[in-house]
Amino acid sequence: MLHTLAIMAPIILLMGLGYTAAHIRLINREQIQGIGQLVMYFALPALIIRALTDNPLGETLNPRYLLAYGLGSALLFIPVLLWMQRRRSESLSSAAMYALGASASNSAFTGYPIASMVLGPSAATFLAQNMIIENLLILPAALIVAELGQRQGGSGLDLLRTISRRLIRNPLLLALGVGISMALLDIRLPAPLDQVIDMLADATAPTALFAVGGALYGLQVRGVVGSVSLIVLGKLILHPLAILIMFSLIMPGETDVLVGALLFASVPMISIFPLICQRYSMGSIGAGALFTASLASFATITCLIALMSRYSLLPG
């Protein structure tokens with residue numbers, strides 16, 4: 001338990017600092033968004049590029065890991081989508097948002113900081129691979145299904161253009177492309193640029209946690225408790241369970257890999273989830289789900305780390 005608390009304490013304290021700063025009005029919501037933009041557009045892309053270029057690409061990207069994590073996430077995405085539409089009579093667009101919230105982790109803002117505390121530098125490798133699944137599989141699938149539910153005429157080409165425009169603006173997806181290209185072509189940055197990448201990458205974890213804590217201040221869950229609970233249950237419990245099943249089948253016995261995958265799968269949904277939900281008239285549900293999952297994850301992640309420590313699965 002002391003080992004678990006030692007891991008979680010810095011995470012809770014950093015998020016608490018952000019929350020407190022917002023509570024005492026040391027920073028306002030616009031400034032918190034600015035910090036988030038710094039992380040999203042500079043620090044995280046730098047971290048992804050460094051993770052992909054520090055080692056040979058074959059050592060960074062593990063096809064079996066990508067397959068297991070991708071199938072585990074899809075194993076949850078598809079049933080949630082179908083169940084919400086057919087059993088709860090949600091629209092196709094709304095069902096897609098429920099599925100997205102349950103199966104896409106906030107690997108960047110929350111997963112990486114937590115995993116880096118537990119796993120050390122190897123957390124960046126898991127981050128790079130998970131970002132591929134989230135940005136090239138789960139997020140596009142959710143947007144395509146949601147846009148199909150919103151279509152009122154128009155061609156398939158129009159739909160493709162809409163999704164493409166959303167994806168090419170994603171700085172994390174661009175960073176994945178740059179990092180993979182540099183690794184494949186064995187491109188090395190000049191020393192000053194490489195140092196800038198390192199400085200930005202090292203700032204990712206504390207800055208992201210501070211921004212998440214600040215963003216939590218003022219969020220409330222009213223009138224959407226049932227819907228929010230479904231998404232939170234799916235994300236914090238069912239997603240890690242689906243990942244556990246897939247890795248047990250595809251990569252049995254590889255404990256270190258399983259630990260990394262579970263840590264990332266156990267965190268709340270992607271940070272832009274409320275923004276995406278707003279487009280499909282689910283803004284309050286999206287914000288409530290992120291708020292509730294962020295608070296509940298303190299307990300669920302602590303329990304997960306305690307179990308891993310109990311069964312000697314953690315490194316060191």
Q: Side chains of S105 and K235 only: does a donor on one sit below 3.5 Å from an acceptor on the other?
A: yes

Q: Between V178 and I48, is there a shared hydrophobic cluster once you connect ILVMFWY residues whose side-chain heavy atoms come closer than 4.5 Å?
A: no

Q: Write down the atom of S294, the atom of S297, and the distance for their closest heavy-atom approach.
A: O-OG, 2.8 Å

Q: Between atom OG of S107 and atom CZ of F264, what is the distance when rounded to the nearest 0.5 Å?
A: 5.5 Å

Q: Just verifying a value: how many Å separate I32 CD1 and I27 CD1, rounded to the nearest 0.5 Å?
A: 4.0 Å

Q: Looking at CG of D202 and CG of L47, how far apart are the two atoms once the value is rounded to the nearest 0.5 Å?
A: 8.5 Å

Q: Taking atom types as modelled, find out whether S94 and S91 have a side-chain donor-acceptor pair closer than 3.5 angstrom.
A: yes

Q: Is L100 close to I270 at the side-chain level, that is, under 4.5 Å between some pair of heavy atoms?
A: yes

Q: Quick one, Y98 with M282, criterion side-chain contact (heavy atoms from CB on, under 4.5 Å). Give me CA distance, side-chain angles, the key distance, then yes/no.
A: CA-CA 10 Å; Y98 280 95; M282 288 183 59; 3.6 Å; yes

Q: Anything under 3.5 Å between a donor and an acceptor, one on a side chain of residues 66-90, the other on a protein residue two or more places apart or in another chain? List them.
A:
unit_1: S73; atom_1: OG; unit_2: Y69; atom_2: O; d: 3.0
unit_1: S73; atom_1: OG; unit_2: H239; atom_2: NE2; d: 3.1

Q: Please collect all ring pair (Phe, Tyr, Trp, His ring centres under 6.0 Å) contacts where either partner lies in residues 12-31, sequence neighbours excluded, each pair once.
A: Y19-Y217, H23-Y217

Q: Looking at CD1 of I243 and OG of S248, how far apart are the two atoms once the value is rounded to the nearest 0.5 Å?
A: 10.5 Å

Q: Could you note down all residue pairs passing ring pair (Phe, Tyr, Trp, His ring centres under 6.0 Å) where residues 111-150 supplies at least one of them, sequence neighbours left out?
A: Y65-F126

Q: Side-chain contact, heavy-atom cut-off 4.5 Å: L263 with I305?
A: yes

Q: For the pair L290 and M269, evaluate side-chain contact (heavy atoms from CB on, under 4.5 Å) and give the outcome as yes or no after the intermediate values.
A: CA-CA 7 Å; L290 181 61; M269 61 287 298; 4.0 Å; yes

Q: Side-chain heavy atoms nearer than 4.5 Å, only ILVMFWY residues, links allowed to pass through others: does that put I132 and L127 together?
A: yes

Q: Output yes when a side-chain donor or acceptor of T204 lies under 3.5 Å from a complementary backbone atom of A201, and no otherwise.
A: yes

Q: Given side chains that start at C-beta, do those of M308 and L262 come closer than 4.5 Å, heavy atoms only?
A: yes

Q: For L176 and M131, what are the C-alpha separation, side-chain angles and deciding distance, and is it a side-chain contact (heavy atoms from CB on, under 4.5 Å)?
A: CA-CA 8 Å; L176 285 169; M131 295 304 295; 4.0 Å; yes

Q: Rounded to the nearest 0.5 Å, what's the gap from CE on M199 to CD1 on I197? Could you check?
A: 11.5 Å

Q: Verify, without hydrogens or angle tests, whether S229 (side chain) and V225 (backbone) share a donor-acceptor contact under 3.5 angstrom.
A: yes

Q: CZ of R310: more than 12 outside heavy atoms within 6.0 angstrom?
A: no

Q: So do F298 and M15 actually touch side chain to side chain, heavy atoms under 4.5 Å?
A: yes

Q: Grouping I, L, V, M, F, W and Y whenever their side-chain heavy atoms are under 4.5 Å apart, do L148 and M97 come out in a common cluster?
A: yes

Q: Under a 4.5 Å side-chain heavy-atom rule over Ile, Leu, Val, Met, Phe, Trp and Tyr, are L184 and L52 clustered together?
A: yes

Q: Kindly give the heavy-atom pair with the smallest separation between I250 and R64, and that separation in Å.
A: O-NH1, 3.3 Å

Q: What distance separates S122 OG from D256 CG, expressed to the nearest 0.5 Å?
A: 8.0 Å

Q: Where do V228 and I285 come nearest, in terms of heavy atoms and distance?
A: CG2-O, 3.8 Å

Q: Where is the tightest heavy-atom contact between A146 and A96, given as atom of each residue plus distance?
A: N-CB, 3.9 Å

Q: Do T110 and P268 come within less than 4.5 Å of each other through their side chains, counting heavy atoms only?
A: yes

Q: Might you work through the side-chain contact (heavy atoms from CB on, under 4.5 Å) test for D198 and D194, ending with a clear yes or no?
A: CA-CA 6 Å; D198 283 340; D194 193 51; 4.1 Å; yes

Q: Look only at the side chain of R29 and the backbone of A22, and say whether a donor-acceptor pair between them is shorter than 3.5 Å.
A: no

Q: Is it true that, when you exclude Q195 itself, more than 12 heavy atoms of the residues, nucleotides or ligands shown sit nearer than 6.0 Å to its CD?
A: no

Q: When clusters are formed by joining ILVMFWY residues with side-chain heavy atoms under 4.5 Å apart, either directly or through shared neighbours, do F42 and L189 land in the same one?
A: no

Q: For P240 versus S266, what's the shortest heavy-atom pair and its separation?
A: CG-CA, 3.7 Å

Q: With heavy-atom distances below 4.5 Å as the criterion, would you say the side chains of L258 and M251 are in contact?
A: no

Q: Could you report the tightest heavy-atom contact between P171 and P45, atom names first, then the distance?
A: O-CG, 4.1 Å

Q: Any side-chain heavy atom of R50 sitting closer than 4.5 Å to one from L200?
A: no

Q: Do L139 and E134 come close enough that some side-chain heavy atom pair is under 4.5 Å?
A: no

